[in-house]
Amino acid sequence: MKITDAKVILTCPGRNFVTLKIITDQGVYGLGDATLNGMEKAVVAFLESYCIPALIGKDPRNTEDIWHYFYRGVYWKRGSVTLTAISAIDMALWDIKGKALNTPLYNLIGGKSRDRVMVYAHANGKDLNDTLEKVAREKEKGFLAIRVQSGIPGISDAYGVAKDSKFYEPAHKGLPNVEQWDTSKYLNYLPYLFGKVRETFGTDLHLLHDAHHRLTPVEAARLAKELEPHHLFWLEDPVTGELQEGLRLIRKQSSTPIAIGEVFNTIYDYTTLITEQLIDYIRMPLVHGGGITHMKKVADFASVYHIQTGFHGATDLSPVNLAAAIHFNMAINNFGIQEYMPHQEIVHEVFKINYRFKDGFLSVDDTPGIGVDIDEEKASRYPYEMACLPVNRKTDGTMFYW
Ligand code: GCO
Ligand code: MG
């Protein structure tokens, strides 16, 4: 079997997605998600100028060797752009492998450990009452786990909360919006918010929260400690992932579970966090973490240390990534939870999906490979539109983490 061609499909059905399609001499093709929100064209350039020419003629079944050709074999390593391209290649090759063997992806990586995967929904409210209403709405849809974000009194912007539209989308058309941040107002409000959520909905519902990399280790320790009585499923990205040692302080102070790493790319970003058991969930998704080949190693490594998966799954990760993640989550033993932010309907005009949501869980059907297809003609009707993630400044103007 040989790779004869590959192409990149850049489309914007409501938001930008990059999809790699790898074609073989046996008529079988595979799809991989290569979307890196706001940096789509950098990944496209790397795929088109280097990866695709290097793939032609290779045997697509050699997933391990091809992964190392693009990672170990390349001198300039790591980084989001490079690893997103490698992830897309790897996903597409596993898709081909499944189709060629006429079996769904989960069968190739261990078979089923479970039939369906628990997902968490998003409740993003403008203020306390709006947030409580949104939680109620998601609970009614059947979700057993809900991430709660809320507008903060006294701050004009809060991460995760839509300003005008009903549908939260992190990227905006054109250059970055500038948002505003005040850590002290946030820290004062959060324990109150979660107290109210627990008071209203009781103890059964799994609650999650994303601090979006904005705290120092000592601030994060305070928050984790003060949220302890509300028994969060996890507190996400309390500090920036660059400072792995910062997690030691949080760990010493609190038993609130920690999830980290949606912006990580390799197992090397996780070594301290995993071997010192400083976190509970790995967030790095297939699309940015080297695809199935690499993430299987990361998940197995984490498993030894009692750490579970909790993959990133916002709307800027395409249906190809989400379907692959469901297969992956069905197969591994140490699955924890999967983020699920449903795509807008228009996305499903372009991507034909094989997964469905029921009673708090997602499952895939038995379509061979990953099981998602792309309608290229429909994709071409939605050309790329420049969109960026916001940037963030403290109230005194200081540039801060978004
Ligand atoms: C999450 C994430 C997202 C990211 C977004 C960036 O936990 O879902 O933090 O909301 O901010 O995916 O592109
Ligand atoms: Mg996050």
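Scope of the values below: all heavy atoms of this structure, side chains included, with no hydrogens, waters or symmetry mates. Atoms within a ligand are numbered from 1 in the order they appear, just like the ligands themselves.
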Salt bridge (charged side-chain N to carboxylate O under 4.0 Å, His left out) between E133 and R137: does it pass, once the steps are laid out? CA-CA 6 Å; E133 267 171 40; R137 198 190 299 168; 5.5 Å; no
If we count only N and O atoms by modelled type, under 3.5 Å, do the side chains of [X] and [Y] hold a donor and an acceptor together?
{"X": "D90", "Y": "T293", "value": "yes"}
{"X": "H122", "Y": "E339", "value": "yes"}
{"X": "N329", "Y": "R114", "value": "no"}

Give me the pairs of N or O atoms, one from ligand 1 and one from the protein, that sit under 3.5 Å apart.
residue  : atom   : partner : partner atom : Å
ligand 1 : 7 (O)  : R147    : NH1          : 3.1
ligand 1 : 7 (O)  : D210    : OD2          : 3.0
ligand 1 : 7 (O)  : E236    : OE2          : 2.9
ligand 1 : 7 (O)  : E262    : OE1          : 3.0
ligand 1 : 7 (O)  : R283    : NH2          : 3.0
ligand 1 : 8 (O)  : E339    : OE1          : 3.2
ligand 1 : 8 (O)  : E339    : OE2          : 2.5
ligand 1 : 9 (O)  : Y159    : OH           : 2.9
ligand 1 : 9 (O)  : D210    : OD2          : 3.0
ligand 1 : 9 (O)  : H212    : NE2          : 3.0
ligand 1 : 9 (O)  : E262    : OE1          : 3.2
ligand 1 : 9 (O)  : E262    : OE2          : 2.7
ligand 1 : 10 (O) : Y159    : OH           : 2.6
ligand 1 : 11 (O) : H212    : NE2          : 2.8
ligand 1 : 12 (O) : H312    : NE2          : 3.0
ligand 1 : 12 (O) : D316    : OD1          : 2.8
ligand 1 : 12 (O) : D316    : OD2          : 3.1
ligand 1 : 13 (O) : N37     : ND2          : 2.9
ligand 1 : 13 (O) : D316    : OD2          : 2.8

Distance under 6.0 Å and angle within 45° of ring axis: R393 vs W181: no
Distance from Q277 atom CD to R248 atom CZ, nearest 0.5 Å? 13.0 Å
Measure the shortest side-chain to side-chain distance between I337 and W234 over non-hydrogen atoms and say whether it is less than 4.5 angstrom. yes
Within the structure provided, determine whether F233 and Y281 are in side-chain contact (heavy-atom separation under 4.5 Å). yes
The number of protein N, O or S atoms lying under 2.8 Å from the Mg ion (ligand 2) is 3
Just do the ring pair (Phe, Tyr, Trp, His ring centres under 6.0 Å) check on F143 and Y120 with the steps written out, would you? CA-CA 7 Å; F143 285 101; Y120 69 88; 9.2 Å; no
